[in-house]
Enquirer: 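I have a structure I would like to understand better, so I am pasting it below and will then ask my questions one at a time.
Whatever order the structure lists them in is the order used to number ligands and atoms, beginning at 1. Quick caveat: nothing in here was measured; it's all calculated off a predicted structure.
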Amino acid sequence: MTTHPHPQVLLPRKLANVHPTSNSLKFEKLFQCHVITDSTHNYNLQTSTQSNMSSPALTARRGWVIQKFGGTSVGKFPDKIADDVVKVWNESNRVAVVCSARSSHTKTEGTTSRLLASADVVLDADDDNQYLQFLEKITVDHVENAMEKIQSKKIQDKLIEDTHHEIEEARKLLYASQIIGEVSPKTLDCIMSCGEKLSCLFMAALLNDRGIPAEYVDLSNVVTRDFGTVLDATFYRSLASKLLEIISAIDSSKVPVVTGYFGTIPGGLLNGVGRGYTDLCAALVAVGVDADELQIWKEVDGIFTADPRKVTDARLLQSVTPEEASELTYYGSEVIHPFTMEQVIKARIPIRIKNVENPTGEGTIIYPQNVGRKGEATPPHPPTAVERLPSSIYNKIKTATAVTAKSDIVVVNIHSNKKTLSHGFLAHIFSTLDKYRLVVDLISTSEVYVSMALYVTKTDRKLLRSTVEELKRFGEVEVTHDMAIVSLVGIHMKQLIGIAGAMFKTLADERINIEMISQGANEINISCVINKDDTVKALNAIHSKIITDPFKSNLAIELTSKVSELRLDQY
Ligand SMILES: Nc1ncnc2c1ncn2[C@@H]1O[C@H](COP(=O)(O)OP(=O)(O)O)[C@@H](O)[C@H]1O
Ligand SMILES: N[C@@H](CC(=O)OP(=O)(O)O)C(=O)O
């Protein structure tokens, strides 16, 4: 994989879609630079609309497309998944489906959360049968769903039998944990796997019921000792080749429906990867079969310039880089698990975020700007930087890609009881945070002060209290609750002077107080902490002044004199 650090210009989509070649040439001639258009279907794939026009009998099917469905999508839109997504794509490409555990409404009340809650209470001395209530809810939910959705009596009966069997396996593990008096990370992983098994048993049954031949694939025992004891390159390589072996063994007329849970991993899945592990599982399947595309199906059209629920004029982005997707996910726009990208991008497989409720939409592609996609050459090095730009182009230069916000933030200030920050002071703070498993999202230090923005959910409040008590040994501790982090994200921000100033001036104009400021070394994220009640106001102001209309708003943002990477506004 070769990359190039030289200038690039992506044409605005309007231009690129009309006459990509002629426009590229014109632009290259005009500005002596290399133009990269970003037409989303210029590689070996058919769009769902195209595939409607071709008959499977007439066209040989192309490469693998891996489709990941989240728990709420499986819970709310299983029929759409079967008829409008899997069936359609299966006509043109080989499709494998990867699902996470069902959630009928929200993830917090979904199957994984119920399984984790059952493991949480199983050791409670007060009520040693409480865990069974969670299992009962899971049973009722899945059996009712099977009865409602599966028409064929034979398929339905088998699904209900398999459902009871899997829940009984989880019950046995919980019961054993109760007797031993411990739930080890490995046991917790095994209990958690029940969610993805139930969900995939259901989706495989539903596809078969609707005439799409499918086969359930259980990955819960796929990891063996030879994979190693750490989640490193060797582990991922071993897992990907094992997955290839498993998927290749399936009859090519069938759609593999793969559990989005890939076994008990070193240190435990929750510790090592965390919630949302199914994205990574789908990525590893994509790498294993060398897929043409990894599709992450959600209930949103793709990645927007801001959360569309909070900013009404947020626009859909045609593409973002993996770095941008990571930052957005980490700072509040949970579009994809950050671990997903590394393995797939290394294999030059693009990731597309798509909407189950709008399957023909193009979605958002996550891919680096300067790496050729699978089956394509790496884009050549552009020769020169863009020097003089006409205002029509200048006005289209992007400032930031998106703005995002993360709530449940608590700011902890520690005023050292020594005159200066002594040796070991930070180490003490971090080991205390580590002990209580609290994560620092932002940090800033001065001579005697350390300020940290911590992500603390309601359930972690007890941990915060214990942490603060311990931190008091090192100085005076002050805690401010109900805060939020607002982040401006974009890879091209490093080409701009004044972008941070513009962000803070915009907040000041709205009379929003800033508690903390931080800019990451990668220069693609500028974050600050504000009061949580100001979040929507801040997002809208930053979106309209900096993202939608930056240069006309007199924010004094300029290009650096030496532009090495340039991207035009394209939505
Ligand atoms: N920049 C963003 N682009 C798209 N969605 C965003 C963004 N920021 C926040 N969101 C929110 O993230 C959610 C992700 O979609 P959803 O399919 O509901 O998630 P999940 O797959 O976790 O169930 C959406 O509800 C959307 O409002
Ligand atoms: N079911 C798991 C894994 C997962 O990825 O879920 P989802 O795709 O619904 O975010 C969880 O809740 O963490």
Enquirer: Assess whether atom CD of E334 is packed by more than 12 heavy atoms of other residues, nucleotides or ligands within 6.0 Å.
Expert: no
Enquirer: I'd like a table of the close N/O pairs between ligand 1 and the protein (anything under 3.5 Å), one pair per line with both atom names and the distance.
Expert:
residue  : atom   : partner : partner atom : Å
ligand 1 : 1 (N)  : F304    : O            : 3.1
ligand 1 : 3 (N)  : F304    : N            : 2.9
ligand 1 : 8 (N)  : S333    : OG           : 2.8
ligand 1 : 17 (O) : E299    : N            : 2.7
ligand 1 : 21 (O) : K298    : NZ           : 2.9
ligand 1 : 23 (O) : T72     : OG1          : 3.0
ligand 1 : 27 (O) : D307    : OD1          : 2.8
ligand 1 : 27 (O) : R309    : NE           : 2.8

Enquirer: Would the distance check show the side chain of K298 and the main-chain N or O of G70 forming a donor-acceptor pair, the cut-off being under 3.5 Å?
Expert: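 Such a contact is absent between K298 side chain and G70 backbone.
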Enquirer: Taking salt bridge (Lys or Arg N to Asp or Glu O under 4.0 Å) as the test, write out the residues that go with K76, two or more places apart.
Expert: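 Applying salt bridge (Lys or Arg N to Asp or Glu O under 4.0 Å) to K76 gives E299.
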Enquirer: Would D79 and R210 pass as an ion pair if we require N to O under 4.0 Å?
Expert: yes
Enquirer: Could you check whether atom OH of Y175 has more than 12 heavy atoms from other residues, nucleotides or ligands sitting under 6.0 Å from it?
Expert: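 Not buried by this count: 12 neighbours or fewer within 6.0 Å.
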Enquirer: Would you indicate whether the side-chain heavy atoms of E215 and V255 approach each other to under 4.5 Å?
Expert: no
Enquirer: Near ligand 2, which residues have a heavy atom under 4.0 Å away from one of its atoms?
Expert: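 Protein residues near ligand 2 are K68, G70, G71, S100, A101, K107, T112, E196, R275, G276, Y277, T278.
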Enquirer: Go through the structure and list residues passing side-chain contact (heavy atoms from CB on, under 4.5 Å) with T187, not counting sequence neighbours.
Expert: L173, S177, V183, S184, I191
Enquirer: In this structure, which one of H164, K172, H165, R171 forms a side chain to side chain donor-acceptor pair (under 3.5 Å) with E168?
Expert: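 Per the side chain to side chain donor-acceptor pair (under 3.5 Å) rule, the option paired with E168 is R171, out of H164, K172, H165, R171.
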Enquirer: Count the heavy atoms of every other residue, nucleotide or ligand shown that sit under 6.0 Å from NZ of K186, and state whether that count exceeds 12.
Expert: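 Not buried by this count: 12 neighbours or fewer within 6.0 Å.
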